[in-house]
Amino acid sequence: MDTESQIKSPAHPKQLSGFHSNIEFRNVSFAYEEKTVLKEINFKLDQGKTIALVGPSGGGKSTLADLVPRFYDPSSGMILLDGVDLRDFDTEELRGLMGIVTQESILFNDTVFNNIAFGVEHATEAQVMDAAKVANAHGFISQLENGYQTSIGERGSKLSGGQRQRLSIARAVLKNPPILILDEATSALDSESELLVQEALTKLMTNRTTLVIAHRLSTIQHADEILVIEKGQIVQRGTHSQLMSRDGIYQKLSSIQSV
Ligand code: ADP
């Protein structure tokens with residue numbers, strides 16, 4: 001949170017009217033203070049496509065994903081949205097284009113309803129319920145003591161990991177953003193929850209532009225491009241079938257099915 005506050009919007013931001021073409025990482029490097037975590041990252045995520053990030057833990061995937069909503073800025077290089085440096089836009093407007101679902105999605109000590117409706121003004125009960133249904137969350141919410149008006153506790157402590165993830169998916173469904181940033185990590189979920197989360201994410205990703213930190217083979221197989229990130233660099237890139245036909249880290253990772 002402290003780091004986030006160092007991100008400033010420009011005094012005279014460029015106008016942002018939706019998302020039309022692509023997000024481009026151009027020679028992006030990033031360091032947390034002294035520690036370089038990303039080196040010379042180059043790729044383009046075109047509108048409507050999905051890019052999956054895979055690779056060993058600690059390689060820099062989450063950091064890379066955090067640069068898109070400007071939780072951090074690159075130490076060098078730039079990230080462009082439709083050809084404009086992200087730093088030239090108003091940060092809140094920029095984030096307004098994005099739905100973010102991660103393991104640490106921010107939930108508040110408030111009701112289920114308010115957590116789903118967060119960021120969307122004047123959401124109706126019907127809209128919140130529809131979003132929860134898409135996110136496979138309506139079932140468990142209905143069984144809570146006060147349904148949608150149940151308080152979820154500090155950071156959602158009264159819910160399981162899978163339930164929290166489905167609430168944050170419902171929030172993204174309701175917000176209906178053109179760009180999605182997902183971390184589909186599920187190590188903490190039981191298999192029923194995992195299936196429900198997986199299904200909800202698949203529905204959410206349809207017809208959107210998605211950057212996903214992928215852990216499931218099904219997601220990876222459908223990605224338009226896979227970037228294999230190791231020690232802060234893109235060490236391999238291509239589609240699943242291209243990468244499977246080459247010797248390398250991807251083949252090894254996917255043979256154990258948990259990239
Ligand atoms: P991945 O998502 O691939 O597991 P991360 O982006 O989380 O990788 O981490 C990349 C590296 O950056 C790791 O060495 C991690 O310890 C370090 N790192 C992550 N977050 C921070 C932070 N807030 N401050 C300092 N180092 C960090």
Side-chain angles (χ1 to χ4, degrees), residues 1-8 23-43 45 50-79 86-87 91 95 98-107 155 161-162 164-165 168-169 172 179-189 194 197-198 201 205 209-221 223 225-238 240 243 248-259:
M1 287 295 175
D2 288 346
T3 317
E4 229 172 295
S5 64
Q6 292 170 12
I7 301 292
K8 297 268 189 295
I23 295 170
E24 180 185 356
F25 274 59
R26 199 182 280 173
N27 295 323
V28 170
S29 297
F30 177 78
Y32 289 106
E33 305 192 337
E34 299 295 280
K35 186 179 170 174
T36 300
V37 175
L38 295 172
K39 287 171 230 159
E40 296 286 313
I41 301 290
N42 286 287
F43 70 90
L45 170 56
T50 294
I51 287 187
L53 306 175
V54 305
S57 171
K61 303 180 294 297
S62 312
T63 304
L64 193 161
D66 280 348
L67 297 179
V68 181
R70 284 194 73 200
F71 293 148
Y72 305 101
D73 282 332
S75 310
S76 64
M78 60 172 90
I79 304 168
L86 297 186
R87 289 169 287 208
T91 312
R95 291 178 188 164
M98 300 171 192
I100 303 168
V101 179
T102 68
Q103 283 170 296
E104 289 108 37
S105 285
I106 297 165
L107 296 174
R155 296 176 139 251
R164 284 200 293 273
Q165 213 167 350
S168 64
I169 294 170
I179 300 164
L180 283 180
I181 298 161
L182 306 178
D183 182 346
E184 61 175 20
T186 53
S187 51
L189 305 185
E194 161 141 20
V197 168
Q198 163 74 65
L201 286 173
M205 286 163 70
T209 306
T210 307
L211 184 67
V212 53
I213 300 173
H215 297 262
R216 298 188 190 83
L217 211 52
S218 56
T219 306
I220 298 162
Q221 277 166 348
E225 189 178 25
I226 297 160
L227 306 178
V228 184
I229 312 279
E230 190 184 36
K231 296 186 183 134
Q233 288 177 300
I234 300 176
V235 292
Q236 283 194 298
R237 65 204 300 164
H240 174 73
L243 292 174
I249 182 169
Y250 186 81
Q251 248 188 9
K252 283 193 207 107
L253 286 169
S254 65
S255 70
I256 49 172
Q257 286 236 348
S258 58
V259 282

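Each ligand, and each atom within it, is numbered from 1 in the order the structure gives. As a basis for the values below, the full set of heavy atoms in this structure was taken, side chains included, without hydrogen atoms, waters or symmetry mates. These numbers come from a predicted model, not from an experiment.
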Problem - Pairwise side-chain contact, Asp183 with His215, heavy-atom cut-off 4.5 Å (strictly under) - result: yes
Exercise for the section: Give me the ring orientation class for Tyr72 and Phe30: parallel if the planes are under 30° apart, tilted from 30 to 60°, perpendicular past 60°. Expected result: tilted
Practice task
Return the residue, atom name and 0.1 Å-rounded distance of the protein heavy atom closest to atom 6 (O) of ligand 1.
Solution key: Thr63 OG1, 2.5 Å
Practice task
Using a strict 4.0 Å cut-off to heavy atoms of Gly59, name the atoms of ligand 1 that fall inside it.
Solution key: 1 (P), 3 (O), 8 (O)
Exercise for the section: Looking only at distances, please establish whether an N/O atom of ligand 1 is found under 3.5 Å from an N/O atom of Val37. Expected result: no
Practice task
Without swapping roles, check the side chain of Gln165 against the backbone of Val197 for a donor-acceptor pair under 3.5 Å.
Solution key: no
Practice task
Considering heavy atoms of the protein only, find what lies nearest to atom 19 (C) of ligand 1 and give residue, atom and distance to 0.1 Å.
Solution key: Tyr32 CE1, 3.5 Å
Handout entry: Heavy-atom nearest neighbour in the protein, as seen from atom 13 (C) of ligand 1, with distance rounded to 0.1 Å
Key = Gly58 O, 3.7 Å
Practice task
Heavy-atom distances under 4.0 Å are what count here, so tell me which part of Glu33 touches ligand 1: side chain, backbone, both or neither.
Solution key: neither
Problem - Nearest neighbour of atom 3 (O) of ligand 1 from the list Lys61, Glu230, Lys231, on a heavy-atom basis - result: Lys61
Practice task
Could you tell me whether the side chain of Lys61 and the main chain of Pro56 form a donor-acceptor pair under 3.5 Å?
Solution key: yes
Fill in the blank from the handout: Rounded to the nearest 0.5 angstrom, the CD1-CD1 distance for Ile79 and Ile23 is 9.0 Å
Practice task
Look at atom 14 (O) of ligand 1 and say which protein heavy atom is nearest, naming residue and atom and giving the distance to 0.1 Å.
Solution key: Lys35 NZ, 2.7 Å
Handout entry: pair Phe25-Val68: side-chain heavy atoms closer than 4.5 Å
Key = yes
Problem - Side-chain touch Arg70/Arg87, heavy atoms, less than 4.5 angstrom - result: yes
Practice task
Could you find the nearest protein heavy atom to atom 2 (O) of ligand 1 and give me its residue, atom name and distance?
Solution key: Ser62 OG, 2.6 Å
Handout entry: atom 8 (O) of ligand 1: nearest protein contact (heavy atom, Å)
Key = Gly60 N, 3.0 Å
